[in-house]
Each structure stands twice: as C-alpha cells, then as structure tokens.
Amino acid sequence: MEETLNTGDSAWVLVSFAMVLLMTPGLALFYGGMVRAKNLVSVLYMSFVSIAVVTVIWFVYGFGLAFGEDVGGLGLIGWGQWEFFRTTPSVMREVIPVYVFSLFRLVFAIITLALISGSVANRVRLGPWMIFGVIWVTLVYLPVAHWVFSKGGWLNRWGVLDFAGGLVVELNSGIAGLALALALGPGLSFRREEPPRPKNIPLVMTGMGLLWFGWFGFNGGSALTDGALAANAVVNTMMCGCVAMLVWMLLERARFGHFSRLGGTTGALAGLVAITPACGYVNLFGATAIGIVAAVVCTYAVEIKTTVGYDDTLDVAGIHGVGGIVGVTLLGLLATGKYGSATAGLVFGGSIALLGKQLVAILAVGAYSFVLTYLIGKVVDKLFNLRPGPREEALGLDTELRIG
C-alpha cells in the first residue's frame, strides 16, 4: 500500500504542537508571578531549560523508548523508531509524518518536567535541575508514556483510558512534584511567614492565558486525525475550565466571604487539568460534572500541605496530582462509549470494570512516579547539591544572576 500524506491532519497536529509548546513559557510566567522577586529568574529558567533538555533527549532516544516497538511483549518500554538516525523523514501510512507526531508528543514531555519545578520553586539550583531532568525523563516519563500512550503499553492494551495525559502528564507531574518536595525538605520560610501570596498578578494572569490557549492544542491535538473528536475535546475543555473557575470562586465566597486574588484562575487550572484525560470521551454533561468535582476537591487539596507539613510550593500536587486523579477516576463513570472509545462508564450503562482499571492505573503510575522521583531527587542532591545552601536560599537564587 502506498504511503500518502494528509496535509490537513498534518497541519492541525503541527499547529497543536506549537500551541502546546507555548504552554511552557506560559507556565514560566504563571510560576514566576507567584514566587518572590529574588527567585524570579531562576524559576523562569527552570521551565525554559526543560524545553532544551527534553528536546535533545527526545530526538536522540526518548521517542524510540516511548513509542517504539514494545520490548518482549511486556508493555513496559519501547525500542526502535530512532528518527534521529534517519537520513530522510519517515511517513506514517496514510496519516501524518512521524516527525509531526513525534514533535507533538515531545511537548507533552517538556511541560511535564517543567510542571514539577513548581513544587520546589525557590529551593533548587539550575545546573543540578538539568541533571535531574535528564534522569527523570529517562527513568520515569518515558516508561509511563509507553504504558499509556503506546499501543504496546500494558495500560493501553488493558483498556485504560487517558485521552490527553491525565496519567502521563498531570498525575505524573503532581506525584513527582510531591516526591521531590519531600526529598528536598521544606523551604526556609515554610510556616515561618504568612501563607505566600502571588507577587505579580498580571504576570500570573498572562501565564494562565497562555496555558489555557495551549490547552486547546493539548487536548484537541490529541485527536490527531479525527476532526469531530478534536471538536468534542475542545468544547469539553472550554466548558470544564469555566465551570471549575466559577465553582471555585463561589466556594471562596461562601467560605471566606470574599474572592481571593487568584482563586478563579486556580479553579480554571484545576478544571483544565481534570478534563485532560476525559475530554475526548465525555459529553458536555460529563465535562460540567468533572469541573464541579475538580473545583471542590482541589480547593481543599491545596490546603492539606500546611496541615501535613510538606512544602509543595506552588501546589503542583494539589492541582495537577489531585486534579489528574479526579479526571481519570470520573472517566470510569462518565465515558459515554460514543466518543473516542466504545467503552462506556457506569453512568452510561458500562460495567464497573472500566472504573476498576482507571483506579489501578492511578495507583500504578502514582507509586512508580513517587518512588523513582524520590530516589532520583535524593541521589542528585547528594551528588550535585540540587538544593542550595541556607545562605544562598535566603539571599535568593537570582543573586548576581548566579543561578547555577
């Protein structure tokens, strides 16, 4: 059969790639607006260097390990698809070039690493962070991406649903952020000052706007060659983000008597996170329900750290980890069986099997990510001083631009 190229599908995925790539600079601004001015540049750099580090890994060996032929039929890791070593680009039969597909999946890996930096903002040195990134992407992200996104991955073959990365990106980054925060310990100012407040609201809002824009490429682009499925994913993404934003604001008003400086933005983020695994499989009813639940659950999840005593600086675990759990779990109830997959959730007449598989996937990915990340964080800190000394941390990582 002759290989052909669908120019429309290729163009859509390329545009989606660019939109998702823009999310990482957006995340840098979002994080940068919430930290102290003395750490602003270092926090921006942590996101931007993630682009460079992950891109090189991806094209040398990352794409091959995540999307290559499954090794031994175990569903644990791939092998092959070494596009870096080809003399001419290969083309997927009747669909899109492999280069285009690879670019699109690359930006998922980039933002997952960048997200983790929010959990340890203000207390990680840039050079060792890059070393951590190389090891973490290789040992944690690539295997998990193979499990879920690759047709040979064990979770994919088992029937676990994750449309755009609720497990691979959101849960993975949230749990990894929690593990790294525990491995490095709390910051010097944790519990010594009043709860930190965003220092630059316009910067945060600008970053959030870029994230929201990119999310349509993140979720809609995951439909790849199915235009109707992409439309469903985009509509659900818009609805869930807006519902979660309004519910979060109403909860704040009811609990505290006023709206916070950033509550609505955080609510929208929680909704976008939660709809990510489900956007292609649910309808607007499902998107609305997920938005409501995500806002309620994440509102309380971000407060747990002060009670338990872990320093998840910018609430990566509370929003991305917990929001990912909400979306992946509710998908077992709200999948319609009409969009993206023929498997329906309990609410639409499906069996409890899907819900059970979703919960097992959460436990498997969460446990793997937590244990490996904790160990990697400890080793990198021991060998390369991932965390700065107390004096450097107190002065700020941007002092004299010596952020490495």
Side-chain angles (χ1 to χ4, degrees), residues 50 54 57-58 61-68 70-79 105 108-120 131-184 273 276-277 301 310 312 316-329 331-332 355-381 386:
S50 297
V54 178
I57 292 172
W58 191 255
Y61 64 85
F63 180 63
L65 296 183
F67 291 96
D70 187 65
V71 176
L74 300 176
L76 299 178
I77 198 68
W79 192 261
R105 289 306 186 189
F108 282 57
I110 289 172
I111 198 166
T112 305
L113 177 60
L115 282 168
I116 298 170
S117 68
S119 285
V120 290
I131 296 171
F132 169 85
V134 171
I135 300 172
W136 187 86
V137 169
T138 302
L139 298 183
V140 180
Y141 183 85
L142 296 179
V144 172
H146 183 75
W147 299 355
V148 179
F149 285 154
S150 173
K151 292 180 179 179
W154 72 275
L155 289 176
N156 189 302
R157 290 190 317 218
W158 195 36
V160 170
L161 298 182
D162 182 3
F163 190 78
L167 290 166
V168 180
V169 178
E170 307 300 351
L171 175 65
N172 197 8
S173 64
I175 296 299
L178 173 62
L180 188 58
L182 292 174
L184 296 183
V273 167
T276 295
Y310 62 88
D312 175 18
V316 179
I319 298 296
H320 295 274
V322 174
I325 291 172
V326 168
V328 173
T329 301
L331 183 51
L355 178 60
K357 291 176 182 179
Q358 299 297 106
L359 294 176
V360 170
I362 290 170
L363 292 174
V365 172
Y368 181 82
S369 181
F370 183 89
V371 172
L372 265 292
T373 304
Y374 186 87
L375 293 175
I376 294 168
K378 282 291 188 182
V379 171
V380 174
D381 187 38
L386 180 58

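In this chain, residues are counted from 1 in sequence order. Side chains are part of it too, since the values below use all heavy atoms of this structure and drop only hydrogens, waters and symmetry mates.
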Discussion item. Taking A183's backbone N and O only, do any of them form a donor-acceptor pair with K378's side chain (distance below 3.5 Å, no angle check)?
Written reply: yes
Worksheet item: Between F67 and W58, what is the ring plane arrangement, given parallel below 30°, perpendicular above 60°, and tilted in between?
Response: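 Geometry flag for W58 against F67: perpendicular rings.
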Item to complete: Please report the shortest heavy-atom distance between Y310 and A301, naming the atom on each side.
Response: OH-O, 4.4 Å
Response to the item:
Closest heavy-atom pair, I77 versus P143, reported as atoms and distance to 0.1 Å, is CD1-CA, 3.8 Å
Worksheet entry | Pair V360-W158, side-chain contact (heavy atoms from CB on, under 4.5 Å): steps then yes or no | CA-CA 11 Å; V360 170; W158 195 36; 3.7 Å; yes
Discussion item. Go through it in stages, so that I can follow the logic: the residues are L184 and D381, the test is side-chain contact (heavy atoms from CB on, under 4.5 Å), and I'd like the CA-CA distance, side-chain angles, deciding distance and then a yes or no.
Written reply: CA-CA 8 Å; L184 296 183; D381 187 38; 3.9 Å; yes
Discussion item. When you measure from the side chain of S369 to the backbone of N172, do you find a donor-acceptor pair of N or O atoms at a distance under 3.5 Å?
Written reply: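 A pair under 3.5 Å: yes.
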Worksheet item: What are the two closest non-hydrogen atoms of L115 and S173, and how far apart are they?
Response: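 Taking every non-hydrogen atom into account, CD1-OG, 3.6 Å.
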Worksheet item: So which of V144, I325, V160 actually passes side-chain contact (heavy atoms from CB on, under 4.5 Å) with L167?
Response: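 It is V160, the one option of V144, I325, V160 that forms the side-chain contact (heavy atoms from CB on, under 4.5 Å) with L167.
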Discussion item. Once you measure the plane-to-plane angle for F108 and F149, does it fall in the parallel (<30°), tilted (30-60°) or perpendicular (>60°) bin?
Written reply: perpendicular
Discussion item. Would the distance check show the side chain of W147 and the main-chain N or O of L76 forming a donor-acceptor pair, the cut-off being under 3.5 Å?
Written reply: yes
Worksheet entry | Neighbour count >12 (heavy atoms, 6.0 Å) for atom CH2, W154 |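 Enclosed.
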Worksheet entry | For the student: nearest non-hydrogen atoms of H320 and V273, plus distance | ND1-CG2, 3.4 Å
